Amino acid sequence: MIIVNWDAVGAVGEIVGAVAVLVTLAFLTIQLRQNTRSSQNASWQAIIRQLGDLDVLEATDPGLSPFFEAAVESPDSITDAQYRTFAKIAQPRFGALEYAYLANKSGTIDSFFWEALEPYTRFLISKPGYQRFWRDHARNVYHPDFIAFVEAMNPNGLR
Amino acid sequence: VNLEWTNSWLTLASNIGVIAGIVFLAYELQQNTVATQLEAATNFQASFTDKELLIAGNPEFADLLGRGVKGEKLTAEEQFRLNAFYTNVLRQWQFIHFQYLTDAIDAEMWRGEREYLTEVIGFDAGLYSHWQTNRKRYSSQFNEMMESITGDSP
């Protein structure tokens with residue numbers, strides 16, 4: 001007759017159970033990380049979509065096309081009404097960049113993603129039309145951290 | 001009633017229950033991750049569908065885009081409009097490329113997108129020229145990937 005040492009069986013069972021819990025927790029952590037990444041991607045997709053909608057509007061709207069290039073390159077050559085229309089595009093465009101900047105700063109979007117938009121921000125703020133918009137409106141609209149970030153790109157032309 | 005024996009079995013059962021619960025949670029999270037990845041991929045495809053519908057429904061812009069594809073000479077205003085559109089197109093590819101780099105989409109899915117990008121850059125002279133002229137608008141990782149497709153030097 002075999003005598004079972006239940007104490008030993010119990011001890012082995014506890015060890016196996018502890019290992020199983022550790023493995024499962026590790027797996028859970030990896031899944032959570034991937035899930036976070038997926039959520040970041042979804043958030044990023046929303047930013048890209050907002051910027052994309054503005055790009056498409058700029059490219060295709062017959063009311064914008066005739067003056068938009070002038071608004072960007074030589075804003076003093078357009079009418080006040082045209083400038084106001086341009087500002088309606090510039091505001092959400094910088095708004096999307098502001099959101100991306102702050103999300104990256106707070107760690108909810110990977111710096112990897114922000115690096116894709118920083119060159120675009122630099123490009124926009126190098127243009128006279130966006131500089132004029134910035135001088136006229138930025139302080140009333142954007143977060144101080146984003147204002148400081150953008151103005152550091154072009155310290156002489158924006159204040 | 002052997003209380004010690006009963007207690008041991010109850011402890012075992014509760015431990016199994018905890019492990020099963022965690023495994024179920026992990027499975028659900030994995031399913032959620034897959035669903036979110038698919039949603040991101042679907043959104044990416046939807047953005048291209050939106051562009052195709054836009055082009056199909058706007059003959060004037062379709063004509064401009066067609067002249068851009070052929071690399072025809074454009075006015076400054078026309079080129080400006082196309083640059084806005086091209087920025088949008090390449091930003092979408094930049095996004096999906098980042099998803100690949102961060103393992104948010106699998107390699108096979110990225111391979112298909114890269115093939116498509118290679119094809120588009122091959123026939124759309126305007127898009128290719130836009131990228132060559134405006135590289136600084138895009139990230140270094142994306143530009144490196146583009147250089148591997150076009151053979152351009154950094």
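Keep in mind that this is a model prediction, so the values were computed, not measured.
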Chain B contact via [X] - which portion, at a heavy-atom distance below 4.5 Å:
X: L117(A); result: side chain
X: F123(A); result: side chain
X: F113(A); result: both

Nearest-0.5 Å distance, [atom1] of residue [X] to [atom2] of residue [Y]:
X: I47(A); Y: F95(B); atom1: CD1; atom2: CZ; value: 9.5 Å
X: R91(B); Y: L51(A); atom1: CZ; atom2: CG; value: 4.5 Å
X: D55(A); Y: R81(B); atom1: CG; atom2: CZ; value: 13.5 Å
X: Q45(A); Y: Q99(B); atom1: CD; atom2: CD; value: 7.0 Å
X: L54(A); Y: T87(B); atom1: CG; atom2: OG1; value: 12.0 Å
X: K136(B); Y: E118(A); atom1: NZ; atom2: CD; value: 14.0 Å

Answer with side chain, backbone, both or neither: which region of [X] has an atom nearer than 4.5 Å to a non-hydrogen atom of chain A?
X: L25(B); result: both
X: Y138(B); result: backbone
X: Q141(B); result: side chain
X: N15(B); result: neither
X: Q94(B); result: side chain

Q. Less than 4.5 Å apart, any side-chain heavy atom of E60(B) and any of P62(A)?
A.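 The answer is no; the side chains never approach within 4.5 Å.
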**Q.** Best-contacting candidate, G52(A), A116(A), A70(A), against chain B by heavy atom pairs under 4.5 angstrom
**A.**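 Greatest number of close heavy-atom pairs with chain B: A116(A).
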Q. Do you know which of L64(A), L57(A), L28(A) has the most heavy-atom pairs under 4.5 Å to chain B?
A.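 Ranked by heavy-atom pairs under 4.5 Å with chain B, first place is L28(A).
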For residues [X] and [Y]: do they belong to one hydrophobic cluster (side chain heavy atoms under 4.5 Å, members Ile, Leu, Val, Met, Phe, Trp, Tyr)?
X: I19(B); Y: V12(A); result: no
X: L90(B); Y: L101(B); result: yes
X: W5(B); Y: L3(B); result: no
X: M109(B); Y: Y116(B); result: yes
X: V23(A); Y: V16(A); result: no

Q. Is D50(B) salt-bridged to R49(A), cutoff N-O under 4.0 Å?
A.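 Answer for the salt bridge query: yes.
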(Q) Looking at F24(B), I'd like to know if its CZ atom is crowded, meaning that more than 12 non-hydrogen atoms belonging to other residues, nucleotides or ligands lie closer than 6.0 Å. (A)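 No, the 6.0 Å shell around CZ holds no more than 12 heavy atoms from other groups.
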Q. For atom OH of Y100(B), is the number of surrounding heavy atoms from other residues, nucleotides or ligands below 6.0 Å larger than 12?
A.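 12 or below, so no.
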Q: Under 4.5 Å, counting heavy-atom pairs only, tell me which of Y86(B), F98(B), Y27(B) racks up the most with chain A.
A: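 Top count of heavy-atom pairs under 4.5 Å with chain A: F98(B).
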Q | Closest-packed option against chain A by number of heavy-atom pairs under 4.5 Å, given L82(B), I22(B), N88(B), L64(B) | A |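 Max contact count across the listed options: N88(B).
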Q: Compute both the distance and the angle, then confirm whether R137(B) meets the cation-pi test with Y120(A): under 6.0 Å from the six-membered ring centre, within 45 degrees of the axis.
A: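 Judged by the rule (NZ or CZ under 6.0 Å from the ring centre, within 45° of its axis), R137(B) is not positioned above Y120(A).
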Q) What are the two closest heavy atoms between E58(A) and A84(B), and how far apart are they? A)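 Residues E58(A) and A84(B), closest heavy atoms: OE2-CB, 3.5 Å.
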